[in-house]
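Everything on this sheet refers to the single structure shown next.
Source: prediction; values computed, not measured. Along the sequence shown, residues are numbered consecutively beginning with 1.
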Amino acid sequence: MLDINYILENKDKVKELLKRKLYEADIDKLCLNINEKRKIQREAELNKAEQNKLSKSVPTVKKEGGDVNAIFAQVKALANENKEKEERLAILEKEINDVLVSLPNLPDEDLLGGGKENNKPIYYYKDKPTFDFEIKNHVELAESLGLIDYERGAKVSGHGTWFYTGLGAQLEWALLNFFISEHLKDNFTFMLPPHILNYESGFTAGQFPKFENDIFRLSLDDQFKFMLPTDETALVNYYRNEILSENDLPKKFFAYTPCYRKEAGTNRVEERGMIRGYQFNKVEMVEYTADNDSDRAFEELVNKAKSLVEKLGLHYRISKLAAGDCSHSMARTYDIEIWIPSIGIYKEVSSVSNARSYQARRGMMRYKDNEGKMHFMHTLNGSGLATSRIFPALIEQYQNEDGSVTIPEVLRPFMGGLTILKPIKK
């Protein structure tokens, strides 16, 4: 949610920043409605004060033998006038709120406008891997190594799902254990959140009302419940409707969950296999900070995501997203993008984002500074990491000519010391 006072005081700037984010809204009408609402509220308050003054004068007028009927008539007229004002206020409040809850976060001013065509790569790690043999894609490798069973996954669930089998399940779990161990070393608090969330959680995260149709909604009595699309949705609600002390911040969390999203992969080459599915595993980082500390936290989360990919020895890049490619709730996002050799493209495995105060305003998450002044917290999140693209990139980048795959050194302790995955004999 955006600050109403900021919108009023910076109307033209807000228009320009929303334009960069490829979002259209009638900010002029919003400002007119806000100003009209405030004017009517002031008038209503003056009317109420006058009613109180007149009502208090009745005993004195009676005592002096005056006509109190005229006073009662004035009070009634003011009350009727205020009733009309309240009806108008209800209409204005709904119109204002409908616009405010739908507005995206304003992008940071240093971001380029436009969509993904204006994303800018700003960092590369290692050279692209080269091979002196004909490489296999991750689907072929996963099947020949006995790591993934796509066919039976589709049978029991449908398109966009799969079974991890045998060493594939162990490799997936090794990745998750590696990520978890690294976050624990950095003193982030480990969380296991609920997978079924309420409407308020989706609203605070900024996913509702705009993206209500993008989630898996559950039929559960008359309550609005949905499956979490990402750990962030749960973690950024942890302090909803709470007030912390500045000395309590920052709060640093990470969580592991499966994530559930409605849009699955298509038949396009770049989305085959497990590149995009209905369910995938992810470790997510979230920080709550003071309003003057989120830039530091953003760099911290970027560096943590970088470190995980680099310790796996994988070629990747970081892209600074243009305003229009940042998600609805975010003011700033860097994508960590992994190289998939078989299709020759980069795929995002982590988005590190700063929501500034946008989510905190929606969820009333505040803190008192050391002088007792109230502020909205800043919230940040970053994947650390999602496995559904790390897994394919890993087996493709580490494949050998004989069809085997070398296991990265950092994962071997979680694989019982195994160093290589070999094709299964049929």
For Trp339, does its backbone N or O pair with a side-chain atom of Gln397 as donor and acceptor, under 3.5 Å? yes

Is any NZ, NE, NH1 or NH2 atom of the basic residue among Asp108 and Arg332 found under 4.0 Å from an Asp or Glu carboxylate oxygen of the other? yes

Side-chain touch Leu380/Val352, heavy atoms, less than 4.5 angstrom: no

Check: Glu299 side chain, Arg296 main-chain N or O, donor-acceptor pair, under 3.5 Å: no

I need the minimum non-hydrogen distance between Asn237 and Thr233, along with the two atoms involved. ND2-O, 2.7 Å

Please report the shortest heavy-atom distance between Pro194 and Ala234, naming the atom on each side. O-CB, 4.4 Å

Just verifying a value: how many Å separate Gln223 CD and Ile196 CD1, rounded to the nearest 0.5 Å? 10.5 Å

If you define the side chain from C-beta out and look only at heavy atoms, does anything of Phe179 sit under 4.5 Å from Leu175? yes

Salt bridge check: are Lys85 and Glu43 linked by an N-O gap of less than 4.0 Å? yes

For residues Leu249 and Tyr288, determine if any side-chain heavy atom of one lies less than 4.5 Å from a side-chain heavy atom of the other. yes

Could you walk me through whether Glu24 and Lys19 pass the salt bridge (charged side-chain N to carboxylate O under 4.0 Å, His left out) test, one step at a time? CA-CA 7 Å; Glu24 293 184 8; Lys19 186 177 179 182; over 6 Å; no

Can you list the residues that meet the salt bridge (Lys or Arg N to Asp or Glu O under 4.0 Å) rule with Asp186, with sequence neighbours excluded? Lys304

Ignoring hydrogens and geometry beyond distance, is a side-chain donor-acceptor pair present between Asn47 and Glu81 at under 3.5 Å? yes

Just wondering, more than 12 heavy atoms not from Arg152 lying within 6.0 Å of its CZ? no

Look at the side chain of Ser102 and the backbone N and O of Asp98, then say whether any donor-acceptor pair between them is shorter than 3.5 Å. yes

Output yes when a side-chain donor or acceptor of Thr204 lies under 3.5 Å from a complementary backbone atom of Ser201, and no otherwise. no

Indicate, with yes or no, if the rings of Phe376 and Tyr358 have centres closer together than 6.0 Å. no

Quick one: does any side-chain atom of Asn33 pair with a main-chain N or O of Leu92 as donor and acceptor, under 3.5 Å? no

CD of Glu212: more than 12 outside heavy atoms within 6.0 angstrom? yes

Glu371 side chain vs Lys373 backbone, donor-acceptor pair below 3.5 Å: no

How are the rings of Tyr199 and Phe203 set to each other: parallel, tilted or perpendicular (split at 30° and 60°)? parallel

Which of these passes salt bridge (charged side-chain N to carboxylate O under 4.0 Å, His left out) with Glu337: Arg317, Lys116, Lys320? Arg317

Salt bridge between Arg356 and Asp295, side-chain N to carboxylate O under 4.0 Å? yes

Partners of Thr379 by side-chain hydrogen bond (donor to acceptor under 3.5 Å, both in side chains), sequence neighbours excluded? Gln359

Start with the C-alpha gap between Phe224 and Glu200, add the side-chain angles, then the distance that decides, and say whether side chain to side chain contact (heavy atoms under 4.5 Å, CB included) holds. CA-CA 9 Å; Phe224 188 112; Glu200 291 78 7; over 6 Å; no

Electrostatic pair Asp214:Arg261 at N-O distance under 4.0 angstrom: no

Does the side chain to side chain contact (heavy atoms under 4.5 Å, CB included) test come out yes or no for Lys48 and Asn82, once each step is laid out? CA-CA 8 Å; Lys48 285 180 180 178; Asn82 263 13; 3.4 Å; yes

Given the options Arg366, Met365, Met377, Leu244 meets side-chain contact (heavy atoms from CB on, under 4.5 Å) only with Met377

Any side-chain donor near an acceptor of the partner, Asp369 and His375, under 3.5 Å: yes

How are the rings of His159 and Tyr278 set to each other: parallel, tilted or perpendicular (split at 30° and 60°)? perpendicular

Considering all heavy atoms of both residues, which atom of Pro250 and which atom of Thr289 are nearest to each other, and what is their separation? CB-CG2, 4.2 Å

Within the 3.5 Å criterion, strictly below it, is a donor on Thr387 or Lys282 matched to an acceptor on the partner's side chain? no

Compute the centroid of each ring, for Tyr334 and then for Phe298, and state whether the two points are separated by less than 6.0 Å. yes

Has Asn119 got a side-chain atom pairing as donor or acceptor with Ala322's backbone, closer than 3.5 angstrom? yes

Can you tell if the side chain of Leu78 reaches within under 4.5 Å of the side chain of Leu54, non-hydrogen atoms only? yes

Can you list the residues that meet the salt bridge (Lys or Arg N to Asp or Glu O under 4.0 Å) rule with Arg20, with sequence neighbours excluded? Glu16

Are the side chain of Asn97 and the backbone of Lys94 linked by a donor-acceptor contact shorter than 3.5 Å? no

Are Tyr239 and Tyr367 an aromatic pair by the rule of ring centers under 6.0 Å? no

How would you list, by chain and number, every residue that makes a side-chain hydrogen bond (donor to acceptor under 3.5 Å, both in side chains) with Tyr256, sequence neighbours excluded? Asn281

Any side-chain heavy-atom pair of Lys306 and Tyr125 under 4.5 Å: no

State whether the side chain of Glu117 and the backbone N or O of Gly115 hold a donor-acceptor pair below 3.5 Å, judged by distance alone. yes

Side chains of Asn137 and Glu140: donor-acceptor distance under 3.5 Å anywhere? yes

Looking at every non-hydrogen atom in both residues, tell me the closest pair between Pro229 and Phe226 and how far apart they are. CD-CE1, 3.8 Å

Applying side chain to side chain contact (heavy atoms under 4.5 Å, CB included) to Lys368 and not counting sequence neighbours gives Ile243, Met374

Salt-bridge present (Glu109, Lys13; N to O < 4.0 Å): yes

Taking the side chain as C-beta and beyond, is there a heavy-atom pair between Leu8 and Tyr6 under 4.5 Å? no

Residues which pass ring pair (Phe, Tyr, Trp, His ring centres under 6.0 Å) with Phe253, listed by chain and number, not counting sequence neighbours: Tyr238

Search all heavy atoms of Ile7 against all heavy atoms of Val14 and return the closest pair with its distance. CA-CG2, 4.0 Å

Fit a plane to each ring of Phe254 and His183, take the angle between them on a 0 to 90° scale, and name the class: parallel (under 30°), tilted (30 to 60°) or perpendicular (over 60°). tilted

Does Ser351 offer a backbone N or O that forms a donor-acceptor pair with the side chain of Thr333 under 3.5 Å? no

Does any part of the side chain of Ile4, heavy atoms only, come nearer than 4.5 Å to the side chain of Leu30, both counted from C-beta? no

Before you tell me yes or no, could you show the steps for Val75 and Gln51 under side chain to side chain contact (heavy atoms under 4.5 Å, CB included), namely the whole-Å CA-CA distance, both residues' side-chain angles and the distance that decides it to 0.1 Å? CA-CA 5 Å; Val75 170; Gln51 287 180 66; 4.2 Å; yes

Verify the neighbour count for atom CG of Asp28: are there more than 12 heavy atoms of other residues, nucleotides or ligands below 6.0 Å? yes

Taking all non-hydrogen atoms of both residues into account, name the closest pair between Cys326 and Leu111 and its distance. SG-CD1, 3.8 Å

Got Leu321 and Asp335 here, is their nearest side-chain heavy-atom distance under 4.5 Å? yes

Cationic N near anionic O, under 4.0 Å, Lys126 to Glu310: no

